[in-house]
Each structure stands twice: as structure tokens, then as C-alpha cells.
Amino acid sequence: MMKKLLNSFILLSMMQVGLAEQNALQVNLTDIKEIMEFIITPASNTLWGVDEPSSDKEWRTLEEAAIATIEAGKLIDRNNKDWQGHNKQMIDAAKSALDAILSRDLDKLYSANDSLYPPCVSCHEAFHPNM
């Protein structure tokens, strides 16, 4: 699942580079919904579902989820000023999660995950209330 997530992210990143080179980067609402549905939701669910990782592979999966959340947040952050505050909080929480993951500090990861939840909820309440 994380491999599909990363492949999707790589594809979106390549699309972003091509569009940026043309000065035509426009992320519309459909794209944002897809980024949320196919990248951010699975990645954040991976982070929230953490249960005492015991192998390098499990930590690597968490690292990939944090990076995907950060980078996908950057993609949608450029488009809509209305939710940049929510996005910044999400990206900051995901960066804290990544720092915790890289240092293998489960308590800090739990704390970062607690920080990730509020911006997600407040953004959904404002922009997608039926979620």
C-alpha cells in the first residue's frame, strides 16, 4: 500500500515539475480531493495506526507516510489560501512525526500524531463537513 502511495506521490511530483516549468501549476479542487484521498488519508492513517514498530521495515513505512504527508501538503498548499493554516499545521505535525520516526522515539511520534489530528478535523469541518 505504501509503495502505491509513493508511486502516486512520485507521479504527482513529476507532473508538478513539468507544470511548474511551464509556469502553469494549477491544482484544482478535483486534484486536491485526489491528493487527500490517495496520498494524505492513507499516509495519515498509517501514522495514526502505529503500534510499537519493531523492525527497520516498520519504521521505514512510517517514515514514508510522514514524508508523503509533508510533500502532499506542499502540493495542495500552493493552491488555496483559505486552508493554508490547516495545511501548515498538518505539515508541521508530519515533520514532527518524521523527526520522531528518524530518532525511533515512539513517545514523540504519539505526540506528533496527536498534533496531526486537529488540523485534519478542522479542515474537514470547514471544507468537507460530511467526512
Side-chain angles (χ1 to χ4, degrees):
M1 177 149 154
M2 285 306 296
K3 190 164 191 114
K4 287 181 184 178
L5 175 72
L6 286 176
N7 287 338
S8 296
F9 175 73
I10 290 168
L11 178 61
L12 286 170
S13 295
M14 291 185 328
M15 290 169 44
Q16 173 188 2
V17 169
L19 292 172
E21 289 174 357
Q22 300 170 13
N23 287 328
L25 179 60
Q26 294 294 321
V27 180
N28 65 38
L29 193 54
T30 302
D31 295 333
I32 291 170
K33 182 181 183 302
E34 291 169 351
I35 291 168
M36 295 296 295
E37 184 176 337
F38 298 118
I39 299 174
I40 295 175
T41 296
S44 59
N45 286 340
T46 296
L47 293 171
W48 288 323
V50 65
D51 184 32
E52 297 193 39
S54 58
S55 69
D56 287 341
K57 183 179 178 181
E58 291 171 335
W59 282 106
R60 179 67 182 161
T61 298
L62 293 167
E63 181 181 350
E64 291 169 357
I67 291 169
T69 303
I70 294 164
E71 296 304 320
K74 289 178 183 178
L75 281 174
I76 63 175
D77 193 51
R78 297 177 181 176
N79 188 55
N80 190 318
K81 303 265 185 232
D82 293 336
W83 62 56
Q84 284 183 337
H86 302 291
N87 237 10
K88 180 179 181 338
Q89 291 172 6
M90 180 186 72
I91 291 168
D92 289 347
K95 285 179 179 179
S96 295
L98 180 59
D99 289 341
I101 292 162
L102 294 175
S103 64
R104 303 291 200 262
D105 189 327
L106 194 56
D107 289 332
K108 285 185 181 178
L109 178 55
Y110 287 143
S111 178
N113 284 344
D114 289 344
S115 298
L116 180 60
Y117 189 73
C120 294
V121 169
S122 61
C123 188
H124 280 257
E125 287 173 350
F127 298 103
H128 205 328
N130 297 323
M131 277 289 299

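Only heavy atoms go into these numbers, but all of them, side chains included; no hydrogens, no water, no symmetry mates.
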**Q** I need the Asp56 CG to Thr61 OG1 distance, nearest 0.5 Å.
**A** 10.5 Å
**Q** So, taking the atom named CG in Leu47 and the one named CD in Glu64, what distance separates them when rounded to the nearest 0.5 Å?
**A** 11.0 Å
**Q** Got a sec, which residues hit side chain to side chain contact (heavy atoms under 4.5 Å, CB included) with Asp99, two or more places apart in sequence or on another chain?
**A** none
**Q** Write down the atom of Leu109, the atom of Trp59, and the distance for their closest heavy-atom approach.
**A** CD2-CZ3, 4.4 Å
**Q** With sequence neighbours excluded, tell me which residues meet salt bridge (Lys or Arg N to Asp or Glu O under 4.0 Å) with Glu63.
**A** Arg60
**Q** Listed by chain and number, what are the ring-ring contact (aromatic ring centres under 6.0 Å, His included) partners of Tyr110, not counting sequence neighbours?
**A** none
**Q** Hey, which of Ile40, Ile35, Asn87 is the one that makes side chain to side chain contact (heavy atoms under 4.5 Å, CB included) with Leu75?
**A** Ile35
**Q** Taking only residues two or more places apart in sequence or in another chain, which ones pass side-chain hydrogen bond (donor to acceptor under 3.5 Å, both in side chains) with Ser54?
**A** Glu58
**Q** Check Met90 against Gly73 and note the closest heavy-atom contact, atom names and distance.
**A** CE-CA, 3.6 Å
**Q** Do you know which two heavy atoms are closest between Ser44 and Thr69, and how far apart they sit?
**A** N-OG1, 4.0 Å
**Q** Which pair of non-hydrogen atoms, one from Ile101 and one from Leu62, has the smallest distance, and what is that distance?
**A** CD1-O, 3.4 Å
**Q** Within a strict 4.5 Å, meaning less than it, do heavy atoms of the Val50 and Leu106 side chains meet?
**A** yes
**Q** Which pairs, with at least one residue in residues 113-128 and sequence neighbours excluded, count as a salt bridge (charged side-chain N to carboxylate O under 4.0 Å, His left out)?
**A** none
**Q** Among all residues two or more places apart in sequence or in another chain, which pass the side-chain hydrogen bond (donor to acceptor under 3.5 Å, both in side chains) test with Lys88?
**A** Asp92
**Q** Mind checking what makes side-chain hydrogen bond (donor to acceptor under 3.5 Å, both in side chains) contact with Glu37, not counting sequence neighbours?
**A** Lys33
**Q** Closest heavy-atom contact between Tyr117 and Trp48?
**A** CA-CZ2, 3.8 Å
**Q** With sequence neighbours excluded, what pairs up with Ser111 under the side-chain hydrogen bond (donor to acceptor under 3.5 Å, both in side chains) test?
**A** none
**Q** Give the minimum heavy-atom separation between Pro118 and Ser115, together with the two atoms involved.
**A** CD-O, 3.5 Å
**Q** Only counting residues at least two apart or in another chain, list the ones meeting salt bridge (Lys or Arg N to Asp or Glu O under 4.0 Å) with Asp107.
**A** none
